[in-house]
Amino acid sequence: MAKVKNKSEVSMENIYSLDGKVPILKSVPFGLQHVLAMFVANIAPIIIVTAASGLSVQETASLIQTAMIMAGIGTLVQLFSVWKLGARLPIVMGISFTFVSVFCYIGPQWGYEAVIGAVIVGGIIEGLLGLFAKYWRKIISPIVSACVVTAIGFSLLSVGANSFAGGAGSADFGSAENWILGSVTLVCCIVFNILAKGHLKQLSVLFGLVVGYIVAICMGKVDFSALENIAVVSFPKIMPYKPVFNLSAIVSVTMIFLVSATETIGDTSAMTNTILKREATEKEISGSLACDGLISSLSACFGCMPITSFSQNVGLLAMTKVINRITIAIGAGILILAGIFPAFGAILATLPEAVLGGCTIMMFGNIVISGLQMIGSCGFTQRNITIAALSLSIGLGFTQVPEMFNIFPDIIRTIFAENCVAVVFLAAIIMNLIMPKKGES
């Protein structure tokens, strides 16, 4: 009996290694934890953009299902790679908030079909840039990546705070009930992390979400109306919207794809630096970018928005150190099932924002710390200090006063006015190119 127990314990230790074999059933909670960490954030951009574009409730529900399937497929490609697509790293994919503002401009102006056309073209461009990353990757030095990761962490803190308060724009934003739910979830995460032993310690986020969800049900904060009149099985349709290739829309969306690419580079670098304790290779960067772009184009062919790497899951990886491919693949499988079986996805969608916020606020803080650790590992030379200090102060400072960008054209305001990651990346790249390297040890 003792031998069987030891065997089980050794195999579960493999959740901390990329390629180790793990017991499938015991790994399900760790995969589910990743799904819950990104589920609401994965569907929220669709709800916002479809509402702005005038799509019906039925169309929105169909696109939410497609988004879950595409996120699962994208995650599997990142984990195991297909041809040159995918980094073979535990990168979880989902619908990015980065594109929301530009889509909310394009959708009402030229229709949702123009959004789809622009995503198809922009995704192909990012995918090609990814495949040829070795020719331009050198301009993104480790200090640039470190600044981008730090900016991603800081940019997500307000997202976590909004979720904690009940979700931006919600009728009960900042209510006592949401404060209670967020606080209970956060405290449960911390207490479980302190008291749990061994690999169970890494399920603190899942434990917090479950307890928070139960408390929310008791408080009457969970809306089960979404479960009414749901089909048993549903599959996405190819080309549900005829793409419209509007030049202005394509240019705008392609620029945002470049911004998204910097986030993907940052996410990939954060993971390899923080967990694998090494720099991301050119092959990994190339594969992750190519997957981001070309899977986004595939997603658009099914009427859905771009699929990109999810920073909150990088934060979860940094917190738990659970990086096993099989374990994360289980999460991807859950996403695909949630898309094929609408009732499953609808149940997950009932998770209140405040409960999610209680967990994400801690995960996003982990990304900030990861970025600071990366800056430290680059070395505190005068050159690195100047690049980091100036790019972060410009990026974080300027975007807190978006009115500063009013003198610029719409496309510049859309990309930079409230996107600190884009501004930090641009400032860090410029500083890295013009700052002399001579004399630096």
| task | Could you tell me whether the side chain of Ile328 reaches within less than 4.5 Å of the side chain of Ile323, counting heavy atoms only? | result | no
| message | Walk me through whether Phe154 and Val368 qualify under side-chain contact (heavy atoms from CB on, under 4.5 Å). | response | CA-CA 6 Å; Phe154 277 118; Val368 175; 3.8 Å; yes
| query | Does the side chain of Phe257 reach to within under 4.5 Å of the side chain of Pro306, using non-hydrogen atoms? | reply | yes
| Is there a donor-acceptor pair closer than 3.5 Å between any side-chain N or O of Thr75 and the backbone N or O of Met93? | yes
| request: Evaluate the side-chain proximity of Val121 to Phe245: yes if any heavy-atom separation is below 4.5 Å, no if none is. | output: yes
| query | Can you check whether Pro402 reaches Phe416 side chain to side chain, under 4.5 Å on heavy atoms? | reply | no
| Between the side chain of Asn384 and the main-chain N/O of Ile375, is any donor-acceptor distance below 3.5 Å? | no
| Any side-chain heavy atom of Arg383 sitting closer than 4.5 Å to one from Asn432? | yes
| field | Heavy-atom closest contact (Cys359 atom, Cys189 atom, distance) | value | SG-SG, 3.4 Å
| Does Phe132 CZ have over 12 foreign heavy atoms under 6.0 Å away? | no
| field | Interatomic distance, Ile46 atom CD1 to Thr60 atom OG1 [nearest 0.5 angstrom] | value | 8.5 Å
| field | Minimum heavy-atom distance Asn273-Ser377, with the two atoms named | value | OD1-OG, 4.3 Å
| note | Exactly one of Leu85, Thr264, Ile91 clears side-chain contact (heavy atoms from CB on, under 4.5 Å) with Asp292, and that residue is Thr264
| request: Would you give the length of the straight line joining atom CZ of Arg278 to atom CD of Glu284, rounded to the nearest 0.5 angstrom? | output: 4.0 Å
| Under 3.5 Å: donor-acceptor pair, side chain of Thr274, backbone of Met271 | no
| field | Modelled atom types, side-chain donor and acceptor of Tyr241 and Glu59, under 3.5 Å | value | yes
| remark: Tightest non-hydrogen contact, residues Cys188 and Gly208, listed as CB-CA, 4.0 Å
| query | Between the side chain of Thr272 and the main-chain N/O of Thr268, is any donor-acceptor distance below 3.5 Å? | reply | yes
| note | NZ (Lys134) and OG (Ser286) are apart, to the nearest 0.5 Å, by 9.0 Å
| Is there a donor-acceptor pair under 3.5 Å between the side chain of Asn324 and the backbone N or O of Ile15? | no
| Is a donor on one side and an acceptor on the other found under 3.5 Å between the side chain of Ser296 and the backbone of Ile307? | yes
| query | Does the Asn14 side chain pair with the main chain of Val22, one donor and one acceptor, at a distance under 3.5 Å? | reply | no
| request: Could you tell me which non-hydrogen atom of Cys420 sits nearest to which non-hydrogen atom of Leu396, and how far apart they are? | output: SG-CD2, 3.8 Å
| Is there a side-chain contact between Thr50 and Ser53, using heavy atoms and a 4.5 Å cut-off? | no
| said: I need the minimum non-hydrogen distance between Cys304 and Thr66, along with the two atoms involved. | reply: CB-CG2, 3.9 Å
| Does Ile295 offer a backbone N or O that forms a donor-acceptor pair with the side chain of Ser299 under 3.5 Å? | no
| query | Could you give the distance from OG1 (Thr320) to OH (Tyr16), rounded to the nearest 0.5 Å? | reply | 8.0 Å
| Would Phe103 and Tyr112 count as a close aromatic pair, with their ring centres under 6.0 Å? | no
| Minimum side-chain heavy-atom gap Thr308-Phe99 below 4.5 Å | yes
| request: Start with the C-alpha distance between Leu289 and Glu126, add both sets of side-chain angles, then the distance that settles side-chain contact (heavy atoms from CB on, under 4.5 Å), and finish with yes or no. | output: CA-CA 7 Å; Leu289 288 174; Glu126 187 195 3; 3.8 Å; yes
| Exercise: identify the closest heavy-atom pair between Gln65 and Gly339 | NE2-O, 3.2 Å
| task | With side-chain contact (heavy atoms from CB on, under 4.5 Å) as the test, would you mind laying out the steps for Asp267 and Phe310 before giving the verdict? | result | CA-CA 8 Å; Asp267 289 342; Phe310 253 40; over 6 Å; no
| request: Hey, could you give me the CD1/CD distance between Ile106 and Glu113, rounded to the nearest 0.5 Å? | output: 12.5 Å
| query | Counting distance only, does the side-chain N/O of Ser204 pair as donor-acceptor with the main-chain N or O of Asn193 below 3.5 Å? | reply | no
| task | Please report the C-alpha distance between Leu203 and Phe192 in whole Å, then the side-chain angles of each, then the deciding distance to 0.1 Å, and finally whether the side-chain contact (heavy atoms from CB on, under 4.5 Å) criterion is met. | result | CA-CA 8 Å; Leu203 288 173; Phe192 188 87; 4.1 Å; yes
| field | Any Val119 side-chain heavy atom under 4.5 Å of Ser297 side chain | value | no
| Going from CE on Met431 to CD1 on Ile394, what distance comes out if it is rounded to the nearest 0.5 angstrom? | 7.5 Å
| Test item: Arg413 side-chain N/O and Glu403 main-chain N/O as donor-acceptor pair under 3.5 Å | no
